[in-house]
Each structure stands twice: as structure tokens, then as C-alpha cells.
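Data first, discussion second: the structure below is written as C-alpha cells.
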Amino acid sequence: MGKEIPSRSEDYSLWYNELVKKADLAEHSDVRGCMVIKPYGYSIWEKMQQALDKMFKDTGHSNAYFPLFVPKSLFEAEEKNAEGFAKECAIVTHYRLKTDPNNKGKLIVDPEARLEEELVVRPTSEAIIWNTYKKWIQSYRDLPILVNQWANVVRWEMRTRLFLRTAEFLWQEGHTAHATADDAVRETVQMLDVYADFAENFMALPVVKGRKSEGERFPGAIDTYCIEAMMQDGKALQAGTSHFLGQNFAKAFNVQFTSKEGKLEHVWGTSWGVSTRLMGALIMAHSDDDGLVLPPKLAPIHVVIVPIFKTEEEFKKITDKVTEISSALRKQGYAVKYDSRDTHKPGFKFAEWELKGVPVRLAIGPRDLENGTVEVARRDTKEKKVMKMDEINTAIPALLDDIQNNIYQKALSYRNNMTTEVNSYDEMKKLLDEKGGFISAHWDGTMETEAAIKEETKATIRCIPLDAKEEEGKCIYTGKLSKRRVLFARAY
RNA sequence: CGGGGUGUAGCACAGUCCGGUUAGUGUACCUGGUUUGGGACCAGGGGGUCGCAGGUUCGAAUCCUGCCACCCCGACCA
């Protein structure tokens, strides 16, 4: 018996945890709340990075790197931001250990080595970056500044889950500075579009673009835009955010520039990020009870080839054929894995590569050699068919495209099925308990109502969709007037 | 951070209530052979600070105290 995972219907959250571990994506480390991302999982993250990085560069951004540590005085400069993160910060207070005089071979913190000013381990980098931008910006000619950084951040979470919420996680954070509010808003929306494009075209994950309510907004932002996705258990997941910071950070850090007209003005800012949480979204959006299902565009291995043989001689003949096929596929840019292990039976290998979500599997045995055929199996539908060997080179690219498209369509129709328009609070509560998903409903726009609904149902306003049509209605909770529907859901 | 639960081989667990040979099972691992078109079989073998630290006892995986970690529920989480 190999590795098996629980079914989604039995225990969704156990299914997720086991899948992450059994598919070799990540595991818990010995550090509380922190994970080890294993090579297979990390290679998926690298594919995400590559695609996103290119999109950032194509929209004019450059990468840079800022320090992990933020002096407390800088951190607290933008009050709302500091307050928002204060409860989950790790703080460096000392810079030296020494041997414990009472306990041989052990180390203690040297009380003599207390830092004059504590260093906050960045939960996000606005503070240190805006403090740096102050030095970079004097004139409108210095603007815009379009910088991104790939980094780790630390948020001391009480309850963690692999990829979805860990104390340390990897992400990218873009930080831009502009001469006008319009420019900054345009940037904010552009990056939201980049995220949505990435989610849909690479992750095969349909997302709703929207704006956060005041209560869900990034601390220190004027406006927070987001993409929201629907997971297979009916819970929503925020997959990326893009913030219009107004002049909040420029004012806090005194970042001013001289305009064309010779006036001294505060700079307008944005910040935007996606994290390794996208891995969680990817896993939960597509995978099934047999394991991971990866969209070809993010799969570290596109095609796995399993030989079926009895004798050494058969194995050699098959290997020759496989070499031919795989080098032709590699020439087209596909990652091909030949699983030539003789220590496992084919059935075992089939199950293992399915668990790891490889989009296409080829099986070649003596029968195929005779007939000039190969068995082609696709991971998303688990369909198998026998193909002529000389068709492979053209059939595989088409098949991979089809898989990419199919899992997107499947996720899209699921998401649409899981989005329900609701006009009464009772109906909403019933739906949340029985079906889940997005609830599209009217809201009076106040924080009080939002908080009350959250308190009573555990559902939050995920976003105010950008494409929400103007529609007169009554708030589901207070009956007050509302101009458009918003999306509620229970969320990760 | 509160309530509950669990820590025994890489993994999953039994044994703990009621202390007493050499701590066991499945799986994984190693060797040899037979196998190979959906998770092979037989035989042999290796692997254990029983979470950590104290205590009680002639004797502790087992009883007591403290600590740590993880899981579930809640609070928290922009």
C-alpha cells in the first residue's frame, strides 16, 4: 500500500493537510507555525514567481530588496498600519547569546546585549520602504518609483495551516510612488488586473475582482482592492490584494516632491502583494480525492512516462522509444519525467504521479511497441486512451491546453453554482449553513452592520465586486437603502 | 490566549486504567528470490532517549508534578 489521503467529503480540512504532506509540497517544521516547503512544492512556487515576475517587469517594475528588520520608531510612524499589525509582530530585543554559567553546554540571552531600539521583524515593508523613498524622491522627475520585492515576512499567527496561514511566509510586495492620485489609483487597479490575469490564466482559478469594505481594508490604505476565489468546501479565499495608500505613508514619512509648478507636495503610494497562500488556493481549487490536480502552466512536470516491462530486454527497447518521445517533447518546452524505477510496479507509479498532480501520463509496454501506440492518461478527468506514437508530438500540446482550459471551466462553473443572490437575512443564514459559497446581497454600507453580520454568521464581506451593477435594494440586515450587492462568505 | 485531546520505530497505531520477562502490530526501509498493462508476493533482516525534566518505587511507556510540541473547537487573524 502506498500513500492514501482522506476524501474531501469525509473531512475537507484533513484532506487538505494530508494532501499537502503526501504530495511532497510542504510539512510542519520544528519551529512553531512555520513550514518547510519541500522541493516539489517549491518548484510550483517558482513557476508562480516566474510568471508573476515577468508580468511585473512587463508593466515597468523592477525588483529590489529591503531589510528584514524595521526599527520600532519607523514601524510606528504610520499609526494605523502599526496598530493593525502590532498584535502579531516578532521583535528582536537582543543581539548576542552567551554560555549559561549554570547549565553547561547551553546558551542564554546575554542581558548585557539589549538593543537600544527594538527591531520589528517585518510583517510588511511599507515603513522601511517609505523611509527609504524619502531619500530617493525630490522632484516629479524622480517619479514614479515602481519597485517590487520578493521576500519573507513574519506575522505571529495563533492558528496556522500549511500555506494558508503560517507565521513566516513568502510573498512579493510591490511598492510604488506617484506624483498624482490618479496615477496611483491607475497603478493599483493595473496590478489588481495583473493578479486576476495570473490567477485565471496560470492557476486556472476564476476570481472576483473587488474592493474591500472599510472594515476589511489594509491598515493605512485609503482603498483596498482584492481578488477573491471560491474553494471546493464553499469557503472564500482572498488570493491577492492591491492597495491605494493615498498620501498616508508619504505624510507619515515626510516624502515630498517638487511638482512641475514648483510646489512641494506629498507623494501618492500603492502597495500590492500575493503570497505562498496562492499555493493553498491552487490546491483547494482543483484537487480531488486522488490527490493534486495541477494546471499545466504551473506543473513542474508536464508529462510523466511509465514503462511497463517484464524483461530487461523489453525495458531497454521501451527506454529507447521513450528517449525519442521525451526529447521531442522537451524540444517543445515541456518538462518530461521518465519514471524508470524498477523497484515499483506500474500501478504504484500511476497512483503516485496522480497524487502529485502531473497533468499527463504516458504508459508504454511491449504491446505498444508492437502496435506503435502509447497509452495517454489525463489527470483532470482521469480519461485514458490509446494513441499512435507518431501523434504524440502534436497531441500532447493540444491535450495540455485542453486540460488547462478544462480545469478553469470546471472551477468557473463551480464558482458560479456557489454564488447565490439572496434577499433576506434568514435565507442568507440558511444558505451559509447548508451550501456555503458567495452570497450576493444588499448591504447598507456601514461597519456596524458588517460587524453584526460577521458576529452572527461568521460570514464577512469578501468584496464589493468591481462589476457590480447599480441596483436599488434594501440592506439584508437593516432594511436600509443600498445601491449594489456585495459578496458575503465564510472565508479562510 | 481559553476549553478539550494527543505525544510509543520514517508514518499510522496497540500497550498506560490495574507498575513487573527481551515494548508490539501494520506500513515504510534493507537483502534474496518470484513478479510487473492500476497501489505485488514469499522468506530473512535492521531500526525505539516510549515528547522533555524532575519525583515516587526494589522496579516506570504505565503513577505524581512541571514544561514543551502538535491536533480539534473558540477568540484572534485586513
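Computed over heavy atoms, backbone and side chain alike; hydrogens, waters and symmetry mates excluded. Lettering follows sequence order; numbering is per chain, from 1.
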In 5'-to-3' order, the base (B), backbone-only (S) or no-contact (-) status of each nucleotide in nucleotides 31-38 of chain B, using a 4.0 angstrom heavy-atom cut-off, is -----BBB
Strictly under 4.0 angstrom, non-hydrogen atoms only: write out the protein contact profile of nucleotides 5-10 of chain B, one letter per nucleotide from the 5' end, B, S or -. ------
Under 3.5 Å, side-chain donor or acceptor atoms of residues 72-79 of chain A against the rest of the protein: list the pairs with distances, not counting sequence neighbours.
residue: A:S73; atom: OG; partner: A:E117; partner atom: OE2; Å: 2.6
residue: A:E78; atom: OE1; partner: A:K80; partner atom: N; Å: 3.2
residue: A:E78; atom: OE1; partner: A:N81; partner atom: N; Å: 2.8

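Taking the six-membered ring for Trp and the full ring otherwise, the centers of A:F66 and A:W130 sit at least 6.0 Å from each other.
When only modelled atom types and interatomic distance are considered, A:Y492 and A:Q238 share no side-chain donor-acceptor pair under 3.5 Å.
As rounded to whole Å, 11 Å separates atom C1' of B:rU27 from atom NZ of A:K22. Distance CD (A:E352) to C1' (B:rA40): 16 Å, rounded to an integer number of Å. Computed from coordinates, the A:R490 CZ to B:rC77 P distance equals 18 Å when rounded to whole Å. Spacing between atom CG of A:L14 and atom P of B:rC70 amounts to 17 Å, rounded to whole angstrom units.
The stretch residues 82-90 of chain A touches RNA chain B through A:G84, A:E88, each having a heavy atom under 4.0 angstrom from the strand.
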Could you go through nucleotides 66-69 of chain B and list every protein N or O atom that sits under 3.5 Å from one of its N or O atoms, giving the distance for each pair?
residue: B:rA69; atom: OP1; partner: A:R32; partner atom: NH1; Å: 3.0

Name the pairs: protein N/O against N/O of nucleotides 71-74 of chain B, kept only if under 3.5 Å.
residue: B:rC71; atom: OP1; partner: A:H28; partner atom: NE2; Å: 3.3
residue: B:rC73; atom: OP2; partner: A:R159; partner atom: NH2; Å: 2.4

